[in-house]
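When a residue number appears, it is its place in the shown sequence, counting from 1. Hydrogens, waters and symmetry mates are skipped; everything else that's a heavy atom, side chains included, is used.
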Amino acid sequence: MENSSAKMGRIPSLKNFNAFPHAEDHLLKKTYSGAIVTILGLIIMVTLFAHELTFYLTTYTMHQMSVDLKRGETLPIHINVSFPSLPCEVLSVDAIDMSGKHEVDLHTNIWKLRLDKYGHIIGTEYLSDLVEKEHGTHDHDHGKEHQVEEKKPEHTFNEDADKMVKSVKLAMENGEGCRVYGALDVQRVAGNFHISVHGLNIFVANQIFEGSSHVNVSHVIHTLSFGPEYPGVHNPLDDNSRILHEASGTFKYYIKVVPTEYRYLSKKVLPTNQFSVTEYFVPMRPTDRSWPAVYFLYDLSPITVTIKEERRNFLHFITRLCAVLGGTFAMTGMLDRWMYRIIESVSSSKPRSGMR
């Protein structure tokens with residue numbers, strides 16, 4: 001002890017660097033105002049600490065773009081669309097790619113749900129006979145499509161067709177609708193799929209609707225996506241409704257699909273897609289030989305977007321924490337001194353006024 005005291009005595013000027021001088025206990029004065037400021041400061045510090053900790057633990061995302069190098073993969077399409085004015089018996093799904101070839105290996109998992117006029121499900125049907133037609137272009141030539149069906153002889157309108165016409169008319173009188181939902185796996189090239197009455201024989205369709213202008217393709221898109229969902233995804237067509245009150249027509253949704261990879265903090269990679277859309281409506285004209293439909297025409301972007309989850313740097317968190325807590329401590333200290341001086345000045349002025 002003596003040696004240490006002697007060493008400290010040799011450098012008395014070291015005390016001048018002490019940034020935390022200590023006062024004697026009998027010189028310290030505790031006040032009620034100081035206690036209130038201390039409690040207030042502790043509450044503020046705890047609140048700010050919880051906020052900074054939450055901010056640090058919350059992940060954020062970084063976006064990167066690169067050229068899409070995927071080849072030979074399929075494009076998943078998840079659909080859930082309701083048609084409140086068309087029974088399930090008349091609806092069909094037609095999927096076609098840009099090359100115009102038959103997609104004989106197209107994997108489908110499509111269901112049609114019968115709906116009553118209140119939108120409640122009253123029956124189901126698995127759509128195993130996906131309509132596939134061969135076309136030479138991205139857009140369909142509706143006139144040629146139905147010219148082929150018009151060449152069929154009239155004796156094809158048999159008893160089964162007559163029963164179908166009566167059944168569909170009864171369903172329409174009861175306000176029956178249909179919900180089409182499920183998934184399509186198509187080739188990773190530009191193409192389209194549409195939901196319409198194109199699967200009907202032309203004579204049957206005319207018997208049911210008495211002309212294409214009476215086909216009401218009002219619809220509600222509950223969900224439409226091109227892959228699994230990831231945190232923060234926004235599908236612009238979800239919960240969109242298009243109800244026709246006057247003339248019928250064809251809806252066309254031009255979709256630009258952007259390949260996307262979502263990388264979690266755990267290094268798990270989720271391949272998916274996001275998209276943007278432009279909508280176009282073509283009203284029916286008396287001279288049109290085509291039938292109303294709802295088209296989803298999609299094309300793929302050559303750019304892939306990579307979304308990465310990131311966590312903030314720990315040293316950054318410590319720096320912010322020290323700044324917040326230190327600033328709060330300094331401000332409460334200043335507030336305590338101000339309150340003490342104000343109280344002292346008020347209390348010292350009272351005796352003087354009493355002496356007068």
Trainee: Can you name the side-chain hydrogen bond (donor to acceptor under 3.5 Å, both in side chains) partners of S66, sequence neighbours left out?
Mentor: none

Trainee: Answer yes or no: is there a donor N or O on one side and an acceptor on the other, between the side chain of S82 and the main chain of V220, under 3.5 Å?
Mentor: no

Trainee: How long is the straight-line distance from NE2 of H222 back to CG of N240, given to the nearest 0.5 Å?
Mentor: 11.5 Å

Trainee: Would you please name every residue forming a ring pair (Phe, Tyr, Trp, His ring centres under 6.0 Å) with Y118, sequence neighbours left out?
Mentor: none

Trainee: Considering only heavy atoms from C-beta outward, does the side chain of F296 approach that of I79 to under 4.5 Å?
Mentor: no

Trainee: I need the minimum non-hydrogen distance between L270 and P228, along with the two atoms involved.
Mentor: CD1-CG, 3.7 Å

Trainee: Nearest 0.5 angstrom please: I96 CD1 to F193 CZ, how far?
Mentor: 12.0 Å

Trainee: With sequence neighbours excluded, give me every salt bridge (Lys or Arg N to Asp or Glu O under 4.0 Å) pair touching residues 167-180.
Mentor: R114-E176

Trainee: Using side-chain contact (heavy atoms from CB on, under 4.5 Å) as the criterion, list what pairs up with M334, not counting sequence neighbours.
Mentor: M331, R337, W338

Trainee: So, taking the atom named OG in S92 and the one named NE2 in H194, what distance separates them when rounded to the nearest 0.5 Å?
Mentor: 6.5 Å

Trainee: For F317, what are the other residues in its hydrophobic cluster, where any two members join if their side-chain heavy atoms are less than 4.5 angstrom apart?
Mentor: M45, F49, L53, Y56, L57, F314, I318, L321, L325, F329

Trainee: Quickly, which of L300, L224, L297, T278 forms a side-chain contact (heavy atoms from CB on, under 4.5 Å) with I255? Name it, please.
Mentor: L224

Trainee: Search all heavy atoms of K70 against all heavy atoms of R188 and return the closest pair with its distance.
Mentor: CD-NH2, 3.8 Å

Trainee: Once side-chain hydrogen bond (donor to acceptor under 3.5 Å, both in side chains) is applied, do any residues pair with H214, and if so which ones, sequence neighbours excluded?
Mentor: none

Trainee: Between Y181 and T223, is the side chain to side chain contact (heavy atoms under 4.5 Å, CB included) condition met? List the steps.
Mentor: CA-CA 9 Å; Y181 88 99; T223 57; over 6 Å; no

Trainee: Can you list everything that forms a side-chain hydrogen bond (donor to acceptor under 3.5 Å, both in side chains) with N174? Sequence neighbours excluded, please.
Mentor: none

Trainee: Does any non-hydrogen side-chain atom of T250 lie less than 4.5 Å from one of V217?
Mentor: no

Trainee: Measuring from S225:OG to Y230:OH, what's the distance to the nearest 0.5 Å?
Mentor: 11.0 Å

Trainee: For F251, what residues pass the ring pair (Phe, Tyr, Trp, His ring centres under 6.0 Å) criterion, not counting sequence neighbours?
Mentor: H219, F281

Trainee: For E309, enumerate each residue passing the salt bridge (charged side-chain N to carboxylate O under 4.0 Å, His left out) test, keeping only those at least two apart in sequence or located in another chain.
Mentor: none

Trainee: For F275, what residues pass the ring pair (Phe, Tyr, Trp, His ring centres under 6.0 Å) criterion, not counting sequence neighbours?
Mentor: F226

Trainee: For residues 257-284, which residue pairs qualify under salt bridge (Lys or Arg N to Asp or Glu O under 4.0 Å), counting only residues two or more places apart or in two chains?
Mentor: R242-E279, E261-R263

Trainee: Report the distance from atom CG of L335 to atom OG1 of T328, rounding to the nearest 0.5 Å.
Mentor: 12.0 Å

Trainee: Among I303, T304, D299, whose side-chain contact (heavy atoms from CB on, under 4.5 Å) with S301 holds?
Mentor: I303

Trainee: Could you list all the salt bridge (Lys or Arg N to Asp or Glu O under 4.0 Å) pairs where at least one residue sits in residues 313-326, not counting sequence neighbours?
Mentor: E52-R320

Trainee: To the nearest 0.5 Å, what is the distance between CG on L200 and CG on N206?
Mentor: 10.0 Å

